[in-house]
Amino acid sequence: MSGKPRLTYFNGRGRMEPVRWLLAAAGVEFEEIFLETREQLLKLIKDGALLFQQVPLVEIDGMKMVQTRAILSYIAGKYNLYGKDLKERALIDMYVEGIADLMQMILKFPFSPPEAKEKNIASVAERATKRYFPVFEKVLKQHGQDFLVGNQFSWADVQLLEAILAVEEKIPAVLSGFPQLQAFKTKMSNMPTIKKFLQSGSPRKPPPDERYVATVVEILK
C-alpha cells in the first residue's frame, strides 16, 4: 500500500464527499475503493475494518478511521486547517456543525420519493436562505476578511464552499441576496488546490443519480 490515504465508500458523494473535499483542499492525493456489492460491505464488517459496521472508511497513518466527523477533524488537524488555538477550533466546529445540518438535507434528497422532491427543494431553499447562509454572510461582513476564522484558510471554508455549490445545483440563484458569499465562493473556487478539484477528471463526484441511489439501497438493505 502506498502512503496515500485510502478511502472506501460508494462511488458517489454521500458522507465521503466532504472528506474528498478536505483532502483535495489540503493538496493530498488519495486512493479510492468503491463498494459495488453487499458482499464487499459484509466482508469489511467480518474482517473488523468497520468499527461501527458502516462506511465511510478512511485508512490513514496506519489507522482505519470511521465516523465522518472524526475523519474530518483528524485531517483538518493534520494539515493545519483547524485554527491556531482552542477558540478558533471551537468556532470552526460551530460553523462546520451548522453547515453539516444543511448538508444533511442535501444528502437525503436523492433518496426521497419523487412526489416529495419539490417540497424538499423548497425546504432546502428556506433553510439555506433564512437560517444558514445569513450567518456566514454576517461573519464575513463583520470581520472583513477572506476566511471565516482567524483570517486563515480552514476546514470551515472548505465545507462552506462545498455546501454553497451543492445548494446551487438545486437552486441556482440561492446566493442572489448574499454578496459576501458570492465573493467568498469566487475566491475559494480560485484557490489552486480547490480549482484543481473543481475541474473535470478530479475525484469530485457528480450529483447522485438513480444508479447511485439503487446501488446504495441494494448494499445497505
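For the numbers below, each heavy atom of this structure counts, side chains included, while hydrogens, waters and symmetry mates do not. We count residues from 1, following the sequence as given.
- Side-chain contact between R204 and Q199 is absent, with no heavy-atom pair separated by less than 4.5 Å.
- Residues passing the ring-ring contact (aromatic ring centres under 6.0 Å, His included) test with Y82, sequence neighbours excluded: W155.
- When atom types are taken as modelled, the side chain of D157 and the backbone of L148 share a donor-acceptor pair closer than 3.5 angstrom.
- The shortest non-hydrogen separation linking Q145 to G150 is OE1-C, 4.2 Å.
- Looking at F30 and V58, their side chains never come closer than 4.5 Å, going by heavy atoms from C-beta outward.
- Using a 4.5 Å cut-off on side-chain heavy atoms (C-beta onward), I99 and E162 make no contact.
- Annotation for P5 and E29: closest pair CD-O, 3.3 Å, computed over non-hydrogen atoms.
- Note on residues 193-221: pairs passing ring-ring contact (aromatic ring centres under 6.0 Å, His included), not counting sequence neighbours, are W21-F197.
- With D209 contributing its side chain and R211 its backbone, the two residues share a donor-acceptor pair below 3.5 Å.
- Taking hydrophobic clusters as Ile, Leu, Val, Met, Phe, Trp and Tyr residues chained together by side-chain heavy-atom distances below 4.5 Å, I33 does not share a cluster with L51.
- Summarising the geometry, atom CG belonging to L102 is positioned 10.0 Å from atom CZ belonging to R131; distances are rounded to the nearest 0.5 Å.
- Applying the ring-ring contact (aromatic ring centres under 6.0 Å, His included) criterion to F10, with sequence neighbours excluded, gives no partner residue.
- Cluster membership for F34 and L42, using ILVMFWY side-chain heavy atoms within less than 4.5 angstrom, is not shared.
- Annotation for K43: atom NZ does not count as buried by contact number, only 12 or fewer foreign heavy atoms lying within 6.0 Å.
- With a 6.0 Å radius and a threshold of 12 heavy atoms from other residues, nucleotides or ligands, K117 has its NZ atom above the threshold.
- Judged as a ring-ring contact (aromatic ring centres under 6.0 Å, His included), not a single pair has a partner in residues 102-130 (not counting sequence neighbours).
- Across all non-hydrogen atoms, the minimal contact from P18 to T68 is CG-CG2, 4.4 Å.
- Taken to the nearest 0.5 Å, the CE atom of M65 stands 6.5 Å off from the OG atom of S73.
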Next item on the list: Please report the C-alpha distance between L160 and L181 in whole Å, then the side-chain angles of each, then the deciding distance to 0.1 Å, and finally whether the side chain to side chain contact (heavy atoms under 4.5 Å, CB included) criterion is met.
Entry: CA-CA 9 Å; L160 178 56; L181 288 181; 4.0 Å; yes

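- For the ring-ring contact (aromatic ring centres under 6.0 Å, His included) test, residues two or more places apart in sequence or in another chain that qualify with Y95 are F136.
- The main-chain N or O of Q180 is found under 3.5 Å from a side-chain atom of E137 such that the two form a donor-acceptor pair.
- With contacts defined as side-chain heavy-atom distances shorter than 4.5 Å, the pair D61/K78 qualifies.
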Check: Step by step, would you call R20 with E17 a side chain to side chain contact (heavy atoms under 4.5 Å, CB included)?
Finding: CA-CA 5 Å; R20 299 183 186 107; E17 193 69 355; 2.6 Å; yes

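- Of the possible donor and acceptor atoms, none in the side chain of S202 sits under 3.5 Å from a partner among the backbone N and O of L198.
- Between D101 and Q104 there is no side-chain heavy-atom pair separated by less than 4.5 Å.
- In the displayed structure, K185 atom NZ is contacted under 6.0 Å by at most 12 heavy atoms of other residues, nucleotides or ligands.
- To the nearest 0.5 Å, the span separating CG on L23 from CD1 on I75 amounts to 4.0 Å.
- Qualifying side chain to side chain donor-acceptor pair (under 3.5 Å) partners for E97, counting only residues two or more places apart in sequence or in other chains: R69.
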Item checked: Evaluation steps, side chain to side chain contact (heavy atoms under 4.5 Å, CB included), between F178 and T129 -> CA-CA 9 Å; F178 301 99; T129 58; 4.2 Å; yes

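- No donor-acceptor pair under 3.5 Å is formed between the side chain of R15 and the backbone N or O of P56.
- When all heavy atoms of A25 and V158 are compared, the pair lying nearest together is CB-CG2, 3.7 Å.
- Between M188 and D146, the shortest heavy-atom distance links the atoms CE-O, 3.9 Å.
- Between E32 and K205 a salt bridge is recorded (basic side-chain N to carboxylate O distance below 4.0 Å).
- Considering only heavy atoms from C-beta on, L220 comes within 4.5 Å of L41 through its side chain.
- K108 contributes atom NZ, which lies 9.0 Å from atom CE of M105 (distance to the nearest 0.5 angstrom).
- Side-chain contact check for L22 versus Q159: every heavy-atom pair is 4.5 Å or farther apart.
- By the 4.5 Å heavy-atom criterion applied to side chains, R89 and D93 are counted as neighbours.
- Rounded to the nearest 0.5 Å, atoms CZ (F147) and CD1 (I92) are 12.0 Å apart.
- Linking Ile, Leu, Val, Met, Phe, Trp and Tyr residues whenever their side-chain heavy atoms come within less than 4.5 Å leaves Y74 and L86 in two separate clusters.
- Within a 6.0 Å sphere centred on CD of E115, heavy atoms belonging to other residues, nucleotides or ligands number more than 12.
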Margin query: Evaluate H143 against L140 for side chain to side chain contact (heavy atoms under 4.5 Å, CB included), listing each step before the verdict.
Written below: CA-CA 6 Å; H143 65 35; L140 291 167; 4.0 Å; yes

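- No continuous path of ILVMFWY side-chain contacts below 4.5 Å connects L107 to I219, so the two sit in separate hydrophobic clusters.
- A distance of 7.5 Å separates OG1 of T37 from CG of L35, quoted to the nearest 0.5 Å.
- L44 and L57 make their closest contact through CD2-CD2, 4.4 Å (heavy atoms, listed as atom of the first residue, atom of the second, distance).
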